[in-house]
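This report refers to the structure that appears directly beneath it.
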There are 2 protein chains.
Amino acid sequence: MSGHEKSRLLSSAVADQRLLQHKVKPTAMRVLVLEYLLTQQTAISLNDLEKGMQPADRITIYRTLKTFEQKGLVHLIDDGTGVHKYALCDDACGPAEHHDLHVHFYCNNCKETYCLSDSKIPEIALPDGFGFNEMNLVVKGHCDKCRS
Amino acid sequence: MSGHEKSRLLSSAVADQRLLQHKVKPTAMRVLVLEYLLTQQTAISLNDLEKGMQPADRITIYRTLKTFEQKGLVHLIDDGTGVHKYALCDDACGPAEHHDLHVHFYCNNCKETYCLSDSKIPEIALPDGFGFNEMNLVVKGHCDKCRS
DNA sequence: AATTTCATGCAATGCAATTGCATTGTTTCA
DNA sequence: TGAAACAATGCAATTGCATTGCATGAAATT
Ligand SMILES: [Mn+2]
Ligand SMILES: [Mn+2]
Ligand SMILES: [Zn+2]
Ligand SMILES: [Zn+2]
């Protein structure tokens, strides 16, 4: 068995396990999508996912991502560009409860969207009578790679 | 002159002056749009603007809003619903500089989008090398009217 | 093996932002 | 004043996504 094949099997095993942990049946498509997501350092759009992966149907990827989101495997990011981005959840998110209330960062230069998992959103003082459920904070500027 | 006509002239005068202050030529259409915006308590979408006003062309309203935005008269709000909302700037915003870094609130019940002009966005600690220009914070929950 | 349930692929739809272009109104200046 | 230059308007068309419908194929359940 070649080294390449071996590492392929290994990553498949990792992906498989992660899918099973979240009660998602590990089909070929889902393993491929998850593996691709695991290689990403930043959030990715459906378009880029489609382009980057082996030829695969766009809609199937779309539905795969939706399943992943529902099962707490990935979270959808609205970075204000108008197109949705997806990124893996790092904590143990489950269905119907994403605890990824972290800041997202959009680089105006390289157009990449980062999950700033360590930058938590601070408490916001709301006017009387207002109660909050969720919040979304997107910071825009220049990332570390685009400042040298 | 009737009371109605008088107040109409007065509001026109107010709108006119506000337009001139921002170097926008006060055409009939622009005055109408601005007057309508002045009556709103919450941010409004292009659709609702079109429905609420006297019959007027959608695209013209769209371009009017774009002009207003460029001249610092209104700011565009991305509340995460996918449709843009517009609201008047309260401070003296000028072209190319909106200083309305306030929080926006979206009510999941009545679907209204509020400008929380008093809730400023706090400082966020970014990772090393990241520099910020703008930010967008949207809080979602229930507004004061929807909690009684 | 038959039946049900789930996953996939392709086509079609929906919706809102944006642009092109022709027309009309407004300003500028000879 | 009257032509030329410029700006605003209205209508049609386009774009770019997200989302859904439906038919086919694979997997699980009996
Ligand atoms: Mn994230
Ligand atoms: Mn606002
Ligand atoms: Zn960058
Ligand atoms: Zn409400």
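The figures here come from the full heavy-atom set of this structure, side chains too, leaving out hydrogens, waters and symmetry mates. Protein chains get the first letters and strands the later ones, always in sequence-line order, with residue 1 at the start of each.
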> Taking atom C1' of C/dT23 as reference, at what distance in whole Å does atom CD1 of B/I59 sit?
Replying inline: 16 Å
> Separation of A/M53 atom CE from C/dG9 atom C1', in whole Å?
Replying inline: 14 Å
>> Both B/V83 and A/R63 contact DNA chain C. Taking the nearest nucleotide for each, which residue is further toward the 5' end?
In response: A/R63
> Given that B/T64 and A/Y62 both sit by DNA chain D, which one's nearest nucleotide is further toward the 5' end?
Replying inline: B/T64
>> Return the CE to CD1 distance between A/M53 and A/I61, rounded to the nearest 0.5 Å.
In response: 4.5 Å
> Is the CD atom of A/Q21 crowded by more than 12 outside heavy atoms at less than 6.0 Å?
Replying inline: yes
>> With a 3.5 Å distance limit and no angle check, can you tell me whether A/N136 reaches the backbone of A/D78 through a side-chain donor-acceptor pair?
In response: yes
>> Could you check whether A/F68 and A/Y86 have their ring centres less than 6.0 Å apart?
In response: no
>> Would you say that more than 12 heavy atoms from the other residues, nucleotides or ligands in this model lie under 6.0 Å from the NZ of A/K111, or not?
In response: yes
> Is there a side-chain polar atom (N or O) of A/R30 under 4.0 Å from OP1 or OP2 of C/dA7?
Replying inline: yes
> Does A/T60 put a side-chain nitrogen or oxygen below 4.0 Å from OP1 or OP2 of C/dA7?
Replying inline: no
> What is the distance, rounded to the nearest whole Å, between atom CD of A/Q54 and atom P of C/dG9?
Replying inline: 13 Å
> Can you give the first and last nucleotides of DNA chain D, 5' to 3', that have an atom under 4.0 Å from a heavy atom of chain B?
Replying inline: D/dA7 to D/dA12
> Rounded to the nearest Å, what distance is computed from the CG atom of residue B/D57 to the P atom of nucleotide C/dT23?
Replying inline: 16 Å
>> Minimum heavy-atom separation for A/C107 and A/C143, please, with both atom names.
In response: SG-N, 3.4 Å
